[in-house]
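The figures that follow rest on heavy atoms only: side chains count, while hydrogens, waters and symmetry mates do not. Every chain is numbered from 1 and lettered A, B, ... according to where its sequence line falls, protein lines coming before strand lines.
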Protein chains: 2
Amino acid sequence: MQKRVTLTDVARAVGVNPSTVSRALNEETVNQVSQSTVRRVRKVAKGLGYTPNTVARGLRTNRTMTLGVILPDLTNPIFPPMVRGIDSYLAPRGYSSLVVNTDGSDATERTLFQSLMERQVDGLIVATGHSNHQLMHDAHERGVHAVMVNRDANGVPFPTVIGDDSQGVFASVAHLHELGHKRLVHLAGPAGFSTSRIRREAFEAACNSFGLQGRVVDTVAYSIEAGQAAMDSILDGQATAQFTAVVAGNDLLALGTYHSLRMHGLRCPDDVSVVGFNDMLFANDFQPPLTTVRSPHFEMGVESARLLLNEIAGTQPGGARVILPVSLIVRGSTGAVRAS
Amino acid sequence: MQKRVTLTDVARAVGVNPSTVSRALNEETVNQVSQSTVRRVRKVAKGLGYTPNTVARGLRTNRTMTLGVILPDLTNPIFPPMVRGIDSYLAPRGYSSLVVNTDGSDATERTLFQSLMERQVDGLIVATGHSNHQLMHDAHERGVHAVMVNRDANGVPFPTVIGDDSQGVFASVAHLHELGHKRLVHLAGPAGFSTSRIRREAFEAACNSFGLQGRVVDTVAYSIEAGQAAMDSILDGQATAQFTAVVAGNDLLALGTYHSLRMHGLRCPDDVSVVGFNDMLFANDFQPPLTTVRSPHFEMGVESARLLLNEIAGTQPGGARVILPVSLIVRGSTGAVRAS
DNA sequence: CAAGGCGACGCAATCGATTGCGGTAAGAAG
DNA sequence: CTTCTTACCGCAATCGATTGCGTCGCCTTG
């Protein structure tokens, strides 16, 4: 690289002390410098193509204007919108984010956490569904700023952003109830994820409140394969389907359900209605288009970034808990139950 | 945050000079320190929970161990795998990456480029399909290290990683030819993208070489909507389809084609065969499962990261050009042409 | 026994910016 | 005309680590 233009270079060119240049270029301190020098400095700085060295500044101020984002896997389609939401809030405020993937491993999460700390990030956004409680508590002890997103913060002393999953599941069940469905199946997400528990409990509560028969089947992962496997096990186990609708723990499980139904010669929604959760990318492009609950992932990103910056600024109450509304998107995968 | 443990703290605890601690903890210089001291230092450092301050190190060494990744939009499903590929190569080598989105705007690309420079990134991976030639040339002038990925580097003086698009399109056309198709349509990507041009030219060449009738229709974007619109315009314009197969510029355009066909009461592959490009996420989950060319996005990420690190190390020939092989994935969207 | 060599470590400068404190000059107040 | 503000700016320390150079003691060698 060419040798960069430094503050000192500008100072020399203008004929003032570097500290004056620094003050002239900083909004906070510009009033400590006469207007005429400010003008001269600005002019020369632009002329020389001066760009501040964020690293040097970070060393002195102890703020890197960089945040860490910890998530399980970027290729899971719910995360890109979230990351973009985070960035959309951060970028105009001069912050950048370092995104890392844990792949669900506690060990790599620990490593990455450490690595982010070494990089002196100003704060953390943690979106790992089931996270290392111990790690988060240690972080809190050490005074690290963080917010949790998309996971229940039971006992974790950081602000939290989640979608209103209960409401979403309730709306799904209500929708199926209106369509005349009486016997439902819930494909529950894997144990250990707070979303799994919340959605499952909401399903059971909703079935009770509508007087419906609700069966819960566990899956081993939030994936297409796990959804297909779980559905296969149901359909293989009995001659005729003992249910008319499936409430999937998320859209991937719903997709797995599609595959399984197709394999068993069942049609959706004619034989079985399916409703997903998340409204991920392409939910409208599968066949049939998937009825699902829209989680506001972009907004969750925005909100978590906002909370984190407030945390850092010290204007955040602490155990804040932001619950974002969700909405049922009715498409083609749900229909009235057939007269039998 | 708690006050962090610094090198000086460790030095004081051990009873040596900070420089000795620095050398003892650095692989390059550890042989300048006696083994016994190294052991003591390591022990105390671990005991105190010392973590090096990357910012301070970066200021002194002028290397931040951070790279910038510039891409159009992370929510485009081809990018997450690429980013993960980049990270998988970088992380074990102590590098992190800062990912930014241009949304196709030259102005924001320029701003983001500037912002990455201020952050002292050690190099850039540029994955914007149609990129600012001027910007890249300026960057090269200034001695910035960079590699281009997924775009043709015509005249850009940086190493480049691309998939073998021509080969992929050729394989697609060959496949359709074998199935008996004689009249093909190519939904070409928008002008300005090198991939659009390359795939279009490959399509025309392949049709010629197989003696097929190949028609090219332009689209305004690599999107579902643009694909659907282009296809609509074809199908609305003529009573009966004058073609039996569509070679889409990418999978999104292929998806748009699905929608259009469905709207016009045509079935795939019975009436029209469709082949996409990229093998993006869920290509196997659409109905019918999409026959497409698999672009090795993850490997492209890995390879670009590798090239960039070599660039930085100075062991890179300069105008290197890595072309990764692609492969045709035959699924359900292509079938033999019906006897008419 | 003396000179030279070398291993191990300390000293201090350095990276580029920020900031508390002190100083100077101009203007206001007496 | 003197004294006190106030505005503006410079000095120098500082952030935490790296690194060229110098030094000291010990061992080897003649």
Side-chain angles (χ1 to χ4, degrees), chain A residues 1-42 44-45 48-66 94 117-122, chain B residues 1-42 44-45 48-66 94 117-122:
Chain A
M1 305 236 183
Q2 216 99 337
K3 57 185 176 307
R4 296 169 39 88
V5 180
T6 76
L7 202 57
T8 314
D9 295 332
V10 178
R12 213 177 357 244
V14 180
V16 296
N17 191 277
S19 57
T20 304
V21 177
S22 170
R23 285 188 268 254
L25 262 29
N26 189 326
E27 281 311 315
E28 314 276 328
T29 52
V30 68
N31 51 6
Q32 297 174 27
V33 180
S34 73
Q35 306 228 350
S36 68
T37 19
V38 168
R39 266 193 298 276
R40 277 190 305 150
V41 167
R42 291 249 163 95
V44 173
L48 262 50
Y50 167 73
T51 59
N53 184 324
T54 319
V55 175
R57 187 198 316 238
L59 177 60
R60 179 60 222 250
T61 61
N62 209 28
R63 304 181 64 225
T64 54
M65 304 299 278
T66 304
M117 286 295 105
E118 289 183 12
R119 286 195 138 71
Q120 311 292 118
V121 295
D122 295 336
Chain B
M1 307 234 180
Q2 216 99 336
K3 56 184 175 308
R4 296 169 39 89
V5 179
T6 76
L7 203 56
T8 314
D9 295 333
V10 178
R12 212 177 356 243
V14 180
V16 296
N17 192 279
S19 58
T20 304
V21 178
S22 171
R23 284 189 268 256
L25 262 27
N26 191 326
E27 281 311 314
E28 315 275 328
T29 53
V30 67
N31 51 6
Q32 298 174 26
V33 180
S34 72
Q35 305 227 349
S36 67
T37 338
V38 169
R39 266 193 297 276
R40 277 190 306 150
V41 167
R42 291 250 163 93
V44 173
L48 262 50
Y50 167 71
T51 58
N53 184 325
T54 319
V55 175
R57 191 201 315 244
L59 177 59
R60 179 60 223 252
T61 61
N62 209 27
R63 306 180 64 226
T64 54
M65 305 298 278
T66 304
M117 286 295 106
E118 290 183 11
R119 286 195 139 71
Q120 312 291 120
V121 295
D122 296 336

Measure across [X] and [Y] and return the closest heavy-atom pair with its distance rounded to 0.1 Å.
X        : Y        : answer
B/Tyr50  : B/Leu25  : CE2-CD2, 3.7 Å
A/Met117 : A/Val121 : CE-CG2, 3.9 Å
A/Arg63  : A/Asp122 : CA-OD1, 3.5 Å

Test salt bridge (charged side-chain N to carboxylate O under 4.0 Å, His left out) applied to [X] - qualifying residues, sequence neighbours left out:
X        : value
B/Arg40  : none
A/Arg119 : none
B/Glu27  : B/Arg42
B/Arg12  : B/Asp9

**Message:** Going 5' to 3' along DNA chain D, between which two nucleotides do contacts with chain A fall, using a heavy-atom cut-off of 4.0 Å?
**Reply:** D/dC8 to D/dG16
**Complete:** Assign each of B/Thr37 and B/Leu59 the nucleotide of DNA chain C bearing its closest heavy atom; nearer the 5' end lies the nucleotide of B/Thr37
**Prompt:** Between B/Gln32 and B/Arg60, who's closer to the 5' end of DNA chain C by nearest nucleotide?
**Reply:** B/Gln32
**Sidechain-backbone polar pair: B/Thr61 side chain, B/Arg57 backbone, donor-acceptor under 3.5 Å** = yes
**Asked** For residues 14-25 of chain B, which residues have at least one heavy atom under 4.0 Å from DNA chain D?
**Response** B/Ser19, B/Ser22, B/Arg23
**Fill in**
Result for 5'-nearest mapping on DNA chain D, choosing between A/Asn31 and A/Ala56, is A/Asn31
**Request:** For B/Thr29, answer base if it contacts any base atom (sugar-phosphate contacts may also be present), sugar-phosphate if it contacts only those atoms, and nothing otherwise; contact means non-hydrogen atoms under 4.0 Å.
**Result:** nothing
